[in-house]
Trainee: 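Would you mind keeping the following structure in view while I ask a few things?
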Amino acid sequence: MLRRQDVGHRVVVRRIVGVSQERTLYSDALGELVDLTETELTIATEKGTLRVPLHEVHRAKRVPAARRPPAADVIDLELAANDAWPAPIQSRLGSWILRAAGNWTGRANSALAVGDPDRTLEAAIDAVVEWYAAHGQQPLINAPMPLAAPVNAALGERGWTARPLTLVQTSSIGSLLAAIPARGDLPPVELADSPGEDWFAMVAEHKGTLPPAAERILTGVPDVVFARVHDAGGDLIAVARGAVTGPGRWLGISLLQTAPAARRRGIAQQVMGGLAQWATQRGSTRAYLQVEERNTAAVALYGRVGFTTHHTYLTREAPLG
């Protein structure tokens, strides 16, 4: 059977799915073990997240990993993403980054567990708990997979729960440019150095009321741009944010939204293409975004313009009390 140490690794699980003519029926699932509790295990498969009650597991074992990006590439991308979404309060715990932003978004309010925390893993987790308690926030740890598999295993032992799996997806700038719809009937993408009240208002429809920390995060990057699209009547129908950060000059795409009535017209692809054109002028050749695996509509959209999963991460929450 699987153990906590297997969290973050590739596994195969044979589970019982029924009985037919007195014969037990089985189904096999292959994927990344993202959580293991006393009652169930959770696997991220190519078809989505699968939760299996332990009493249905017939056999389960770790298998050789699929081809993964080097650890250095994962760290480089995670640090670029941190620079693109800068929490107003940050501290270092060895190489780990502790971040707080008044609880606006998990990315800006979790400890990024990459590299060496310069102490034992247990002591590092204790230090994270103390730091967030001092800032009046629930402790969260962002654990990139499989790089931080030992961290995930240790957190599971301590009863930390996991938020939905997030995919960190990448694409070449060339793929985004090639995906721009070749149509003349779409409204143009407008790019600006600042968001504007209408931009903030549309983002708030999805993200909720934006606290002061949100504006600091969104505008606190030297190379940042805000995209918007208006329809013929002047109504705002799409927004997005782009930021170029890190030694690799990564374009980070975030907060891409299209009004319901304007969807399935190629506007989202056009917005991403506009951000790619802007990023090209700043030396960027690669783009990334972060999307929850369960958001299947968004994952499908990003796949159509060339995004594939580079790695994943879990945001782990400390037990309350």
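All of these numbers come straight from a predicted model, not from anything done at the bench. Residue numbers count from 1 along this sequence.
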Trainee: List in chain and number order the residues that pass side chain to side chain donor-acceptor pair (under 3.5 Å) with Arg282, two or more places apart in sequence or in another chain; answer none if no residue qualifies.
Mentor: none
Trainee: Can you list every pair that meets ring pair (Phe, Tyr, Trp, His ring centres under 6.0 Å) and has a residue in residues 213-247, with sequence neighbours left out?
Mentor: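 Qualifying pairs, neighbours excluded: Trp199-Phe226.
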Trainee: Please give me the minimum heavy-atom distance between Ala87 and Ile217, naming the atom from each residue.
Mentor: CA-CG1, 4.4 Å
Trainee: With sequence neighbours left out, what residues match Asp28 under side chain to side chain donor-acceptor pair (under 3.5 Å)?
Mentor: Arg14
Trainee: Would a distance-only check, ignoring hydrogens and angles, find a side-chain to backbone donor-acceptor pair under 3.5 Å from Arg15 to Val52?
Mentor: no
Trainee: Could you list the cluster mates of Trp160? Members are the ILVMFWY residues connected by side-chain heavy atoms closer than 4.5 Å, either directly or through other members.
Mentor: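 Trp160 shares its hydrophobic cluster with Ile89, Leu93, Trp96, Leu98, Leu121, Ile125, Val128, Val129, Trp131, Tyr132, Ile141, Val151, Leu155.
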Trainee: Main chain of Arg163, side chain of Glu317: is a donor-acceptor contact present, judged purely on distance under 3.5 Å?
Mentor: no
Trainee: Enumerate, atom names and distances included, each donor-acceptor pair closer than 3.5 Å involving a side-chain atom of residues 72-82, sequence neighbours excluded.
Mentor:
{"unit_1": "Asp76", "atom_1": "OD2", "unit_2": "Trp250", "atom_2": "NE1", "d": "3.1"}
{"unit_1": "Glu78", "atom_1": "OE2", "unit_2": "His311", "atom_2": "NE2", "d": "2.7"}
{"unit_1": "Asn82", "atom_1": "OD1", "unit_2": "Arg99", "atom_2": "NH1", "d": "3.0"}

Trainee: Looking at Arg59, I'd like to know if its CZ atom is crowded, meaning that more than 12 non-hydrogen atoms belonging to other residues, nucleotides or ligands lie closer than 6.0 Å.
Mentor: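 Counting other residues, nucleotides and ligands, CZ of Arg59 stays at 12 neighbours or fewer.
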Trainee: Can you name the nearest heavy-atom pair linking Ser27 to Val17, along with the distance?
Mentor: CB-CG1, 3.6 Å
Trainee: Can you name the side chain to side chain contact (heavy atoms under 4.5 Å, CB included) partners of Thr42, sequence neighbours left out?
Mentor: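 For Thr42, the residues satisfying side chain to side chain contact (heavy atoms under 4.5 Å, CB included) (neighbours in sequence not counted) are Val34, Asp35, Glu40, Thr49, Arg51.
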Trainee: Under the side chain to side chain donor-acceptor pair (under 3.5 Å) definition, can you give me all pairs with a residue in residues 202-223, not counting sequence neighbours?
Mentor: Asp223-Arg249
Trainee: Holding to side chain to side chain contact (heavy atoms under 4.5 Å, CB included), I want the full list of residues that pass it with Ala133, two or more places apart in sequence or in another chain.
Mentor: none
Trainee: Who pairs with Ala279 by side chain to side chain contact (heavy atoms under 4.5 Å, CB included), at least two apart in sequence or on another chain?
Mentor: Ile173, Val244, Leu251, Ser284
Trainee: Not counting sequence neighbours, which residues clear side chain to side chain contact (heavy atoms under 4.5 Å, CB included) with Ile16? List them please.
Mentor: Thr24, Tyr26, His58
Trainee: Quick one: closest heavy-atom pair of Ser171 and Leu176, and the distance?
Mentor: OG-CD2, 4.1 Å
Trainee: Does the Gln290 side chain pair with the main chain of Gly252, one donor and one acceptor, at a distance under 3.5 Å?
Mentor: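 Such a contact is absent between Gln290 side chain and Gly252 backbone.
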Trainee: Of all heavy-atom pairs between Val271 and Ala227, which one has the smallest distance, and what is that distance?
Mentor: CG1-CB, 4.0 Å
Trainee: May I ask you to decide whether Arg158 forms a salt bridge with Glu122, counting only side-chain N to carboxylate O separations under 4.0 Å?
Mentor: yes
Trainee: Quick one: closest heavy-atom pair of Asn109 and Gly102, and the distance?
Mentor: OD1-N, 3.4 Å
Trainee: Partners of Arg62 by side chain to side chain donor-acceptor pair (under 3.5 Å), sequence neighbours excluded?
Mentor: Asp6
Trainee: Keeping to residues at least two apart or across chains, list the side chain to side chain donor-acceptor pair (under 3.5 Å) pairs with something in residues 141-155.
Mentor: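 Listed once each, the pairs are Asn152-Arg316.
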Trainee: Strictly by modelled atom types, are Trp85 and Thr105 linked by a side-chain donor-acceptor pair under 3.5 Å?
Mentor: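 Yes, Thr105 and Trp85 have a side-chain donor paired with an acceptor closer than 3.5 Å.
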